Amino acid sequence: RVEILCNEVNCGVTKNINRMLAMAKGAYIKILASDDAMLPEAIEEMVNCFTENPQYSVVVANGVRVPEEQHYGNFNASVKIYEEAPDFSPEGFFTRVARCNCIFAPGAMVKRSVYQTYGCYDETIPIEDMEYWLRLLKTGTVFFGYVADPLIYYRINSNSMSSVANNAGLEKRRRRMHNAVMDILQKHRDGFAPGVFEEITLSYMFNERAFAVRNGLTRWAAELQTQQHQFSGWNALPLKKRFRMGLRLMKMDLRTLCRR
């Protein structure tokens, strides 16, 4: 049976998901955004993976990227999210997700018991999936499975937060995403081995500034440089590594100036 529920006002993605989680009654939860799609056999294959591997709390299916202008029934895509099987092994998984959020959220199916045990999504953080994965992995008792078949059609809208399209909203999107990542890392700082939190945080700052320089976001790049030098972990970084990072950014700045 399909039940359609509507909100009287737009409450945002995360609040809407949490509202649905509170009303859900099934053993498994599959969240799908309105601009994505699943193959007809997707639910069956993911449930079968759970059945055959009862130790899994989350199962993630592969997917393919589809152009924004294509629609269901007319998808023509072959670029997989995972070209090779991802490493979901427990050892070091928390750190791997912290480095790059390598779990394909649109492909995830979660046991409802997980939400009952560990709570719903943090409504204060825009990247709700990354925060949730780290919350689960930090326990050391939640295991992830993988379905290699590409069962999900994943579309990136040019104005979505994850889009890197260089349009009028780019700087605003990048600021929001970067700040969310900083909040997530800080929230789960106690899950990192000594020195790893500082290394990953600085890596995000460095890569975001490099992106800002490449795309001409000069004000954002300057703010990130200040952030980087004010961060306490910067001084704890080995001098050789700081020098290499600074040299790379200097080269990017020079290339930007030469293009003007």
Side-chain angles (χ1 to χ4, degrees), residues 1-63 66 71-73 75 81 88 94 97 101-147 149-157 159-162 176-177 180-181 183-184 187-188:
R1 188 179 66 141
V2 176
E3 187 174 357
I4 299 176
L5 304 170
C6 299
N7 293 317
E8 294 182 4
V9 295
N10 185 347
C11 60
V13 173
T14 312
K15 286 185 178 179
N16 187 55
I17 292 174
N18 285 344
R19 178 176 177 243
M20 295 298 100
L21 290 175
M23 303 173 74
K25 299 176 182 178
Y28 306 104
I29 305 292
K30 179 74 193 81
I31 298 168
L32 193 71
S34 60
D35 53 352
D36 299 331
M38 295 187 296
L39 287 175
E41 64 269 25
I43 297 295
E44 181 181 4
E45 286 201 31
M46 285 188 275
V47 170
N48 286 342
C49 185
F50 277 119
T51 304
E52 295 165 7
N53 303 274
Q55 74 275 21
Y56 292 155
S57 296
V58 182
V59 164
V60 181
N62 205 350
V66 295
H71 300 283
Y72 191 77
F75 287 141
I81 301 299
F88 286 174
F94 175 89
V97 173
N101 193 15
C102 53
I103 299 172
F104 176 48
M109 179 181 281
V110 184
K111 286 181 177 177
R112 185 161 65 97
S113 59
V114 171
Y115 294 110
Q116 293 171 327
T117 303
Y118 300 105
C120 295
Y121 295 99
D122 186 336
E123 296 178 4
T124 68
I125 295 177
I127 311 177
E128 72 285 344
D129 59 304
M130 180 180 180
E131 188 283 322
Y132 201 69
W133 306 142
L134 291 179
R135 195 193 316 174
L136 298 182
L137 291 169
K138 197 163 63 172
T139 68
T141 59
V142 175
F143 302 103
F144 287 66
Y146 173 61
V147 176
D149 293 339
L151 303 175
I152 309 297
Y153 292 112
Y154 177 53
R155 181 178 9 229
I156 299 179
N157 186 286
N159 289 310
S160 69
M161 193 167 70
S162 59
R176 189 165 183 245
M177 179 176 286
V181 170
D183 288 344
I184 292 167
K187 179 175 180 178
H188 295 292

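This is a predicted model, so every value here is computed, not measured.
Closest non-hydrogen pair, Leu137 versus Val97, comes out as CD1-CG2, 3.6 Å. The minimum heavy-atom distance between Cys120 and Leu21, with the atom names listed, is SG-CD1, 3.9 Å. Scanning all heavy atoms of the two residues, the minimum distance from Leu136 to Thr139 falls at O-OG1, 2.6 Å.
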Q: Any chance you could lay out the side chain to side chain contact (heavy atoms under 4.5 Å, CB included) test for Asn62 and Val147, step after step, and finish with the verdict?
A: CA-CA 6 Å; Asn62 205 350; Val147 176; over 6 Å; no
Q: Give the C-alpha distance, both sets of side-chain angles, the deciding distance and a yes or no for side chain to side chain contact (heavy atoms under 4.5 Å, CB included) between Trp133 and Phe144.
A: CA-CA 10 Å; Trp133 306 142; Phe144 287 66; 3.9 Å; yes
Q. Can you check ring pair (Phe, Tyr, Trp, His ring centres under 6.0 Å) on Phe104 and Tyr154, steps first, answer last?
A. CA-CA 10 Å; Phe104 176 48; Tyr154 177 53; 5.5 Å; yes
Q.
Go through it in stages, so that I can follow the logic: the residues are Arg19 and Asn7, the test is side chain to side chain contact (heavy atoms under 4.5 Å, CB included), and I'd like the CA-CA distance, side-chain angles, deciding distance and then a yes or no.
A. CA-CA 10 Å; Arg19 178 176 177 243; Asn7 293 317; 2.4 Å; yes
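Partners of Glu3 by side chain to side chain contact (heavy atoms under 4.5 Å, CB included), not counting sequence neighbours, listed by chain and number: Arg1, Leu5. Partners of Ser113 according to the side chain to side chain contact (heavy atoms under 4.5 Å, CB included) rule, which considers only residues two or more places apart in sequence or in another chain, are Lys111, Gln116. Residues passing the side chain to side chain contact (heavy atoms under 4.5 Å, CB included) test with Asn10: none are found, sequence neighbours excluded.
A distance of 9.5 Å separates CD1 in Ile127 from CG in Asp183, rounded to the nearest 0.5 Å. Between the CG atom of Leu151 and the OH atom of Tyr153 there is a distance of 9.5 Å, given to the nearest 0.5 Å. To the nearest 0.5 Å, atoms CG (Leu134) and CZ (Phe94) are separated by 5.0 Å. One distance of note links CG of Leu39 with CG of Asp149; it measures 9.0 Å at 0.5 Å rounding. Note that the CG atom of Asn48 and the CE atom of Met46 stand 10.5 Å from one another [nearest 0.5 Å]. With rounding to the nearest 0.5 angstrom, the CD atom of Glu45 is 12.0 Å from the CE atom of Met38.
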Listed pairs under 3.5 Å, donor-acceptor, residues 25-34 side chains, sequence neighbours left out:
from: Lys30; atom 1: NZ; to: Pro106; atom 2: O; distance (Å): 2.7
from: Lys30; atom 1: NZ; to: Ala108; atom 2: O; distance (Å): 3.3

Side-chain atoms of residues 50-61: list all donor-acceptor pairs with protein atoms under 3.5 Å, sequence neighbours left out, distances to 0.1 Å.
from: Thr51; atom 1: OG1; to: Val47; atom 2: O; distance (Å): 3.0
from: Asn53; atom 1: ND2; to: Cys49; atom 2: O; distance (Å): 2.9

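With hydrogens and angles left out, the side-chain atoms of Tyr115 and Tyr121 include a donor and acceptor closer than 3.5 Å.
Residues Tyr118 and Tyr132 meet the side-chain proximity criterion, which asks for heavy atoms closer than 4.5 Å.
The salt bridge (charged side-chain N to carboxylate O under 4.0 Å, His left out) contacts involving residues 122-133 comprise Asp122-Lys187, Glu131-Arg135, Glu131-Lys187, where partners must be two or more places apart or lie in separate chains.
A donor-acceptor distance shorter than 3.5 angstrom exists from the side chain of Asp36 to the backbone of Arg155, with no hydrogens or angles considered.
Counted within 6.0 Å of CD on Glu44, heavy atoms from surrounding residues, nucleotides or ligands total 12 or fewer; the atom is thus considered open.
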